[in-house]
Amino acid sequence: MKIQILVRSADWLNSAGTRIRYLRLKRELNALGWKLAIDPISSINEGLRLNADIYLFSKCQDVGALMLTDMLREAGALVGFDLFDDYFSGQESATFVHRVFQRALIGRVDFLLCSTERMSAIARDSDPQVPIHVMNDPHDPVARTIVDSSIGARLLQAQESRTLEAVWFGHGNNPVFPVGLHDVVAFGAEFQVLRQAGWQVRLKVLTNSDAIDQAVLGALQTLPAQVQVEEWSEAGEAISLDRALLAFLPVNFQNFSIAKSLNRAVSALARGAQVFSPGFPLYEALGSFIYRSGPDLVDDLARGALKLNGGSLDALAARFAKIADPAQEAIKLIHFFDGLTQRPACSVEDRAMRGIIHGSSSPSSIHRLCKSLGWLSLGSPYSLYHQPFHAEIAQFEPAGSVELRVSREGYARLADQWRESAQPLARSVDGYSHIVPLPDSSAGRELATATPEMWKSRAARILTFSSLMRATQEVYREVFPQTYLLVSEHEMPLTVAEPERENGQ
Amino acid sequence: MLKRSLNTVASWFRFTRKGQIAELHRLKQLVSQTALFDEQWYLHRYPDVAKAGQDPIYHFILHGGAEGRNPGPHFDARWYLRRNVDVARSGANPLVHYLEHGRNEGRSIKPLQPGRNDDVDLGQGDMGKPSPPTEVADPYANDYDASWQAQALGWQQLGAQVTSSEPLTNIEPVLLAKLAKGSDQSRIKMFLATVPGARQTTIAKWQTPDPVLLGLELLVDGWFVHARQLLLRIDGEVSGAHRIVAFQSDSSGGTCRVADQVAASSANLVRLSLENPFSPVLLAWLASDGKVVRTALAMFPSLYRGGLHHAEMHAVSLQGQKSDAMACYNAELAAALFGTQPLLLGRIKVDLRGASGSEHIFDPAVVIALGMHFGTQLLADGEVTGSAMVADRLGVTSLDPALSARRRGGAALVIPADCLPSLASLCGAFDNNQVGAATFCIVPGRNIAEAVLACLPFTTDAMHELTHPALPLPQPRWEPGSRSQSPAQQVGLPSAIRTFDEIVWQVDALMPLSPDLELPVQTKQIRPPKLQVIVTHSGTQGQLDLCLLAISTQLGVAIDGVTVISTQSDITWPVEVEFPIAFRTPAGDTETEAISPAQDDVLVKLDTAVFPHDPRTFAALANLCRTNEIGAASCAIGISCSEEGVKEVMQAPWVLDCTFDPPGPADEAIARFFPAATFAVAAVDPRIMALRADLWREFKTADQVNQPADVATKLASLCRDRGLQTVFTTIVRAAAVSLDPFTEVSPASLDAFKAGRARDSATYLIRLLP
């Protein structure tokens, strides 16, 4: 059996999430006779063969992934999404676009993966019917000998220098929630207890470069520690964890933060760093290996006996085996997949034609995906940037009215009567060869009388998007018959109700 | 050395005038005092300077700065000049400019990205090899730092510190007792009396607020380097002093030595490692034989710059205009807190809506300090989001019994989780306190130079309910205790200090309320409000189309009719709407004659320069007007332009400022400090407003149709005459597609506001720091 994981981009292939969650499983799955491939979704444009039995989308949150899901299931594959972060709970938060996507998954997928029980419960609230599997982030093998010797050396160095080397690593910012470096600043006061006990703290912060700005750096400087900031890299994280005495991993109490996985603490412990985690007890499952308060850490430092030591490595390994063992996770995953019901594949003749209508904020990658997979790529009055669409409804001439123009490829896919009524353009402009009269329907009339004021400003788009985009969908459905259309739009809060799906949802 | 001197002197001869040589000396003095100029680094980096035997400082001042040479590894001169064109144009030496002006203005001295410093051209000639790009960047907080560092009178290195052989956690009762026997014993005894558990014995001198008691005239400045490290600048030398020590009480009820350093003649900075941010700090200058020479008692160190209550100090300074405001305020607060009178504040309730648990109020040191040093308890209140554990962080802490007893029956201060109670609230006596019930400081976490003093009075319970369901409470408020009294005045000393987080407060300038939510408007009315809408149009057909389309999408209201008033006769409107549209020209007709709304209707007046893009806008405004105490309501306006790069911002309607100047449009930068809630204002926004129909019938001034500013003024006056509020809400927004400014308020209107009672209930904002 083959599992194909499709991740958001090539960058995500190198991310900690991909490495920790999937690559560590790969060998174990292979040993059990399963193949695991991980590719960015853009590799479909480069000819990636879609011949897997099971597809898992990871950090892909756009209409391209949704349409692919429909297409792959139609072909008989099992398709699911890996849900990492809680952007969904609470109707009142600013994560509207995430909730819209979450709703789009309801009844559309064969399964969901989550990294924690809490995340699983949140997903269950959204869709009680979908099978959900909690796959813990597997840990790297613990190099016992190396870790054992370095633990003692790190403590000795700290005792001699009265300096604690600490590290924080991770994604430093979030557009919606105050997390990441915000937590470092907020909980950094915990270091004061260490200072009062005569310890100097040197904190290395490894994070994404776009999280580092003037305000954050200023705030970091207020910590009772000597702070050094570096851009995160896999190698840098490994080296830092190999050298640091402490991994500082505070967790705040927001829904988003408390649904996270254990992987940072697991990574730290596996490389011999003590974990100091004030705030929400996210790492409770790691029990006695976690420092929750400064005084506890001070006491152990005074005694010269830290929670992670040569004598507790066996217990750590046993704990990892229960919650993060790659072999066990692989077995459980296979068992879960084996329990899923597969739909029969549709015959090729019965498979739907597909098209995506681009709104004001639609990634160009969606357009390329359409071209690669033979879907119609359609422009709307809201499309900000012109792509070589198959068709576009827009105001093409200044002060002109809204028109429908098609390319040669689009012309070939028009319904017969619309192909007949299409007029060739005197010269091909922007790749369009024909102009098609708008239907004489309410949708057509609505588009014909639309003016640029309706989409130029964001406020106007908020006001008009729902009705005007619905009209656009209706017109396209009429001229491109039997085509299943979805709207690609990332600008909040522009949404339009999804048409009835192929499975009747 | 001689050669260097000669070469330097040669440079001096370019300074032909006596005054310029004096200036050169002054600049050398200035530059030599900063660690940003590294003499050895400079000579190593620019061997031509070393080769020429020139004094590096003089070289840098005379030539190097203009040539873009860096004075040290931490200052990028060329970048500074590129970034600050005005400095480059003026010809000023970049480091000198920074020391004298730039750091107070918050200017950066190097780019923030790691490694960029090495892109700088190192200078002329054989400069040696550029150092390799570094992967490491020290967190450089210069813009933050600049706001909190000392004023530009010199930057001196700290004096050599005595290396204490004892850890700072040692309790020093013996030393203090010894000190108390010497001179200045009264101040030391006063300090000892502030230690938790020792307050059964009160000091008579606390009863009168006398700043001299505290000795703070010695401490000319102070700032927090980090949350627990306070730097104090001493004014000059203390004769006979060999050593400076400082003490503070700790959480166990004892005292700790928090500073111990040599009182060197050139050192006037004392570095204190505080146990907690709030409790008093005693500084003692000791002679070589250990006797006390001088003392100073900083009662409330959090008032210093960078401290958790500094914004409060600034607000007090603005109001009092005293040169020794710090000392006076310390004395006033101390007299109240350590006196015998009942205290205003009984307890503190923390509304946990939107709390992440990482706010200051949850800091264990803060929780303990509030209990031990102020005798006040923190209680959780309101909805808990995320986890019930966040309430646990407020903890149960031991309370100072004497202070706690004086708080019994006091008022409760309800604060959002991102607030801290002010010292005025914590220390104020029950009687004669100056706390403003609706006044608080807002300190942006990302740019503390924009701190604001706000007064956002709630006037009705209904308005209090009109808050964002997930965001923090919009403001602190007071609830009477068993003594049935809260702060008497709305405007006064701040009740609380609030840390403003942009990510949390205003997440969308056009639509702060999630589209998944119905409007959280509390109303007991069953039927939707009936509206008459007047649209004033002087723009394009497209604007009118948008406006009418927006009206047609409004939810939760029944629109009886729309009247378009315009001088343009060729406008059109869609026929496919569910309400009748009438057209009127302004000449020869009054709005009141045109519209005769039924008794219980609401009238919405709208200019086509704005449109209610949020379908919940009319319902929000109409339901506000159906609230008993509200006469008129408007909403904030978001600017949404089609031009690239124009940010969406929010405009707030007219507010008064704390100096009671006439109303003007709230500065756009300040408008963002309005959290998502509903507030009383001096006047509604004439571009979009809802008003009770009965008020509209009294509104009979056709000549004001063309003066929208006066419309708002007269309406506000009318409301106040009838005991009604004019309010605005930021829960919903209307949109404007251009950046046209507000219409100016007429002089007659200004006079009306001055004479009126707007100040009793309106919203005030003033920016605190320049």
Do the charged groups of A/Arg103 and B/Asp516 touch, with an N to O distance under 4.0 Å?
yes
Assess whether a salt bridge exists between A/Arg243 and A/Glu165, defined as any Lys/Arg side-chain N lying under 4.0 Å from an Asp/Glu carboxylate O.
no
Between [X] and chain B, which part of the residue has a heavy atom less than 4.5 Å away: side chain, backbone, both or neither?
X: A/Asn174; result: backbone
X: A/Ala189; result: side chain
X: A/Phe256; result: neither

With heavy-atom distances below 4.5 Å as the criterion, would you say the side chains of B/Cys635 and B/Arg733 are in contact?
no
Which residues satisfy the ring pair (Phe, Tyr, Trp, His ring centres under 6.0 Å) test with A/Phe101, sequence neighbours excluded?
A/Phe81
List in chain and number order the residues that pass ring pair (Phe, Tyr, Trp, His ring centres under 6.0 Å) with A/Phe191, two or more places apart in sequence or in another chain; answer none if no residue qualifies.
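Checked A/Phe191 against ring pair (Phe, Tyr, Trp, His ring centres under 6.0 Å); matches are A/Phe248.
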Please rank [options] by heavy-atom pairs under 4.5 Å with chain B and give me the top one.
options: A/Leu223, A/Val193, A/Thr449, A/Thr464; answer: A/Leu223
options: A/Ala259, A/Ser89, A/Pro224; answer: A/Pro224
options: A/Met454, A/Arg461, A/Gln226, A/Arg195; answer: A/Arg195

At a 4.5 Å cut-off on heavy atoms, which part of [X] comes close to chain A: side chain, backbone, both, or neither?
X: B/Phe362; value: neither
X: B/Pro615; value: neither
X: B/Ala365; value: neither

In terms of heavy-atom pairs under 4.5 Å with chain A, which of B/Arg393, B/Gln541, B/His360 leads?
B/Arg393
Taking every non-hydrogen pair under 4.5 Å, which of B/Asp363, B/Thr553, B/Leu549 racks up the most with chain A?
B/Leu549
Quick check against the 3.5 Å criterion: does B/Gln248 have a side-chain atom that pairs as donor or acceptor with the backbone of B/Asn276?
yes
Got a donor-acceptor contact below 3.5 angstrom from the B/Thr499 side chain to the B/Val443 backbone?
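Such a contact is absent between B/Thr499 side chain and B/Val443 backbone.
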Do the ring planes of A/His98 and A/Tyr87 sit parallel (below 30°), tilted (30 to 60°) or perpendicular (above 60°)?
parallel
